[in-house]
There are 2 protein chains.
Amino acid sequence: MPTKASALQHGTYENLRHEIARQHPDFSDRLRVIAEFALEHPTEMALGTVAEVAQRAKVQPSAIVRFARALGYGGFTELQQVFRSRLVASVPPSYKERITGLRRDGRFQDANNPQAVLTRFASEGMVSLESLQDRVRQVDLARAIELLGAAETIYVLGLGGSFPVAAHLTYVLRKLGRRVVILDGLGSALGDQAASATPADALVAISFRVYNPDTARLFPELVARRLPVISITDSLLSPIVEGASVVFEIPDMPEAALRTMVAPMCLAQTLAVGLTLTLD
Amino acid sequence: MPTKASALQHGTYENLRHEIARQHPDFSDRLRVIAEFALEHPTEMALGTVAEVAQRAKVQPSAIVRFARALGYGGFTELQQVFRSRLVASVPPSYKERITGLRRDGRFQDANNPQAVLTRFASEGMVSLESLQDRVRQVDLARAIELLGAAETIYVLGLGGSFPVAAHLTYVLRKLGRRVVILDGLGSALGDQAASATPADALVAISFRVYNPDTARLFPELVARRLPVISITDSLLSPIVEGASVVFEIPDMPEAALRTMVAPMCLAQTLAVGLTLTLD
DNA sequence: TAGTTCGTGGAATGTTTATTCTAAGTCCAT
DNA sequence: ATGGACTTAGAATAAACATTCCACGAACTA
């Protein structure tokens with residue numbers, strides 16, 4: 001019964017991964033457990049003995065062998081060879097290291113290659129996260145969390161390019177059990193959405209150049225209603241600074257290709273999680 | 001004179017290399033041959049059996065064992081562990097290592113301090129961006145951009161925790177002049193929103209554990225309608241893999257406090273910008 | 001040259017390891 | 001409920017394995 005002839009084209013590790021994923025739904029209970037373990041712990045598959053792997057995956061040794069056979073291999077030993085090939089392939093011939101190191105620096109290669117674009121954005125993201133760590137002051141963080149903790153309802157305002165940050169903050173806060181209203185302007189009802197905000201609530205406003213006009217219009221109204229405000233923006237000259245209780249200034253990088261939302265996302269997440277952690 | 005006592009501090013692979021080099025002149029003929037072989041073929045030392053290594057080095061199996069003992073190990077098996085450690089260390093280029101490094105720095109201590117939370121998220125973000133650079137394959141990127149370029153309308157599906165990523169991708173693509181429909185399920189009209197999608201369009205699906213049920217439900221329908229699909233997810237076992245033309249797998253970090261959307265955001269941005277750059 | 005030490009090859013040994021087999025168990029369809 | 005197909009756990013087995021042992025031989029010493 002040559003069940004899986006396709007697997008016999010003893011392909012690379014990547015082929016094996018896809019083959020496992022493909023067959024995953026058809027596997028029996030135990031085999032599925034092993035499939036998941038194998039994909040998540042390829043190193044242990046490569047180096048462990050059948051007994052060790054079985055113990056880590058919490059199945060019987062015989063199940064491991066069945067798994068190998070189900071994929072078309074003669075036994076565990078054959079299957080293991082493929083996992084080992086991954087280890088061997090990943091050993092840096094030492095010059096490869098430098099190439100990828102350079103690539104990480106970003107100033108390498110012309111920008112018309114998609115990989116270079118990825119490298120660039122990833123590098124910019126890392127830089128912005130690093131500077132976020134340096135710039136954000138302990139006191140601002142503590143004060144912002146205090147305000148959020150005291151709020152009955154948290155209003156989140158972030159439109160245009162900042163909307164994903166607002167959405168993420170809203171999502172995490174709600175997961176953590178907070179009452180949150182996101183001011184998304186759905187149905188052009190931005191003003192109405194914010195109508196019931198009181199000084200017992202709080203506002204998190206997020207805006208970066210070019211500043212969204214609706215944000216700029218609504219913000220002063222909410223300030224006038226004496227809500228405590230936490231602003232996340234890129235400059236002290238932005239329209240959401242005046243009247244804010246706490247301002248997090250995350251300037252854009254001098255020559256960034258496109259505003260990256262990585263740092264604001266990270267800060268938003270920190271506020272949300274920090275809130276629950278410090279309330280205990 | 002306890003010459004070999006130093007080797008007993010079962011150190012790392014690098015320590016072992018130096019120890020072998022140091023003792024090399026004092027070794028007997030056969031042992032010297034093995035020492036040279038070991039330094040030049042560390043991978044075979046890590047993965048081979050005694051018999052295999054002996055054959056490759058053109059010595060007797062017993063000589064291999066003697067070599068291990070001469071270095072202060074109990075036998076070949078113990079020695080081999082050190083060579084294996086080199087393989088496992090080289091596979092995740094930084095990733096976990098960096099995190100545990102940070103943890104050792106004490107920068108992770110007492111997570112109740114908001115600053116520590118920020119540091120933690122920022123660090124995890126940086127690590128995930130770094131591994132994104134390494135994991136994303138050139139061909140996948142090129143293929144994905146090709147699909148997006150050929151699409152009349154781009155549909156974006158990302159719900160729950162992935163919604164911010166979908167929102168960001170939508171925003172950037174629209175700024176760059178693409179026709180985009182975001183499937184946000186507004187008014188519970190998820191199905192209707194996707195009703196007009198044809199094979200001339202394309203879908204970008206984004207989903208991470210725990211997978212949103214609506215995403216899992218809608219995805220196969222769109223696949224059945226033969227749309228080219230680009231999936232961004234965390235595992236090949238996720239519900240949005242089967243039927244996808246391109247899959248970007250961004251696994252979660254082993255001990256992440258909370259799924260960070262930093263890497264997916266960055267990838268989304270790369271796709272959008274890469275699309276316009278490569279069309280010139 | 002005779003005696004001693006040390007290195008070596010190769011077979012013998014006892015252990016670990018993968019694999020196979022069978023009885024028991026589970027799940028469905030009837 | 002009952003029969004049948006399919007899984008599974010665990011012991012049994014056979015192969016592979018690292019290690020030990022010992023006899024032989026080379027090199028050095030007296």
Side-chain angles (χ1 to χ4, degrees), chain A residues 1-4 7-8 10 16 20 23-38 41-85, chain B residues 1-4 7-8 10 16 20 23-38 41-85:
Chain A
M1 43 268 152
T3 20
K4 239 54 264 194
L8 284 175
H10 277 172
L16 174 59
I20 292 175
Q23 295 206 42
H24 180 264
D26 304 331
F27 278 151
S28 68
D29 276 6
R30 228 28 69 102
L31 257 39
R32 207 164 329 170
V33 169
I34 299 171
E36 285 158 23
F37 180 86
H41 305 280
T43 302
E44 308 197 28
M45 292 293 288
L47 263 20
T49 68
V50 169
E52 284 165 356
V53 172
Q55 192 176 6
R56 292 280 287 111
K58 291 175 184 148
V59 297
Q60 288 294 323
S62 48
I64 303 288
V65 177
R66 279 202 306 270
F67 175 70
R69 302 194 78 101
L71 287 165
Y73 297 92
F76 175 70
T77 313
E78 266 183 47
L79 174 67
Q80 194 175 46
Q81 289 310 113
V82 182
F83 281 94
R84 290 188 168 189
S85 75
Chain B
M1 210 48 82
T3 14
K4 346 256 162 108
L8 284 175
H10 282 173
L16 174 58
I20 291 174
Q23 295 206 43
H24 181 263
D26 304 332
F27 278 150
S28 69
D29 276 6
R30 238 14 80 102
L31 257 39
R32 210 170 349 218
V33 169
I34 299 171
E36 286 159 20
F37 179 86
H41 305 281
T43 302
E44 306 196 31
M45 292 293 288
L47 263 22
T49 68
V50 169
E52 285 165 357
V53 172
Q55 192 176 6
R56 292 280 287 111
K58 291 174 185 152
V59 297
Q60 288 295 321
S62 47
I64 303 289
V65 176
R66 277 202 296 272
F67 174 72
R69 302 194 76 101
L71 287 165
Y73 296 91
F76 175 70
T77 313
E78 266 182 46
L79 173 66
Q80 195 175 44
Q81 289 309 113
V82 182
F83 282 95
R84 290 189 168 189
S85 75

statement: Rounded to whole Å, CD1 of A:Ile64 lies from C1' of D:dT7 at a distance of 15 Å
- prompt: Okay, side chain of A:Gln60, backbone of A:Ala54: is any donor-acceptor separation there less than 3.5 Å?
  reply: no
- request: Round to the nearest Å and state the distance from A:Arg32 atom CZ to D:dT8 atom C1'.
  value: 15 Å
- prompt: What integer distance in Å separates A:Gln55:CD from D:dA9:P?
  reply: 15 Å
message: Counting C-beta onward and ignoring hydrogens, is there a side-chain heavy-atom pair between B:Val59 and B:Phe67 closer than 4.5 Å?
response: no
message: Please find the pair of heavy atoms, one from A:Ala63 and one from A:Leu31, that lie closest to each other, and give the distance.
response: O-CD1, 4.0 Å
- prompt: Side chains of A:Phe37 and A:Ile64: does their closest heavy-atom pair fall under 4.5 Å?
  reply: no
- request: Grab the CD1-C1' distance between B:Ile34 and C:dG7 for me, whole Å please.
  value: 12 Å
- prompt: Does a nitrogen or oxygen in the side chain of A:Ser28 sit under 4.0 Å from OP1 or OP2 of D:dT8?
  reply: yes
- request: Count the heavy atoms belonging to other residues, nucleotides or ligands that lie under 6.0 Å from CD of B:Gln55, then report whether that count exceeds 12.
  value: no
- prompt: How close or far is atom P of D:dT8 from atom CZ of A:Phe27, stated in whole angstroms?
  reply: 11 Å
query: DNA chain C in dot-bracket, Watson-Crick or G-U pairs under 3.5 Å, [ ] crossing, | other strand?
result: ||||||.||||||||||||||||||||.||
task: Could you tell me whether the phosphate oxygens of D:dT8, OP1 or OP2, come under 4.0 Å of any side-chain nitrogen or oxygen in A:Gln60?
output: no
Derivation and outcome, side chain to side chain contact (heavy atoms under 4.5 Å, CB included), residues B:Leu16 and B:Leu71: CA-CA 9 Å; B:Leu16 174 58; B:Leu71 287 165; 4.2 Å; yes
query: Is A:Glu52 close to A:Arg56 at the side-chain level, that is, under 4.5 Å between some pair of heavy atoms?
result: no
statement: Between B:Phe27 and B:Ala70, the two heavy atoms sitting closest are CE2-CB, 4.0 Å
Give me, pair by pair, the N or O atoms of the protein and of nucleotides 18-22 of chain D that are less than 3.5 Å apart, along with how far apart they are.
residue: D:dA18; atom: OP1; partner: B:Val50; partner atom: N; Å: 2.9
residue: D:dA18; atom: OP2; partner: B:Val50; partner atom: N; Å: 2.7
residue: D:dA18; atom: O3'; partner: B:Thr77; partner atom: OG1; Å: 3.0
residue: D:dT19; atom: OP1; partner: B:Phe76; partner atom: N; Å: 3.4
residue: D:dT19; atom: OP1; partner: B:Thr77; partner atom: OG1; Å: 3.3
residue: D:dT19; atom: OP2; partner: B:Phe76; partner atom: N; Å: 2.5
residue: D:dT20; atom: OP2; partner: B:Arg69; partner atom: NH1; Å: 2.8

- prompt: What is the distance from CG of B:Leu31 to P of C:dC6, rounded to the nearest Å?
  reply: 15 Å
- prompt: How close or far is atom P of D:dC28 from atom CG of B:Asp29, stated in whole angstroms?
  reply: 11 Å
query: What is the distance, rounded to the nearest whole Å, between atom CE of A:Met45 and atom C1' of C:dA18?
result: 14 Å
- request: Answer yes or no: is there a donor N or O on one side and an acceptor on the other, between the side chain of A:Glu78 and the main chain of A:Arg69, under 3.5 Å?
  value: no
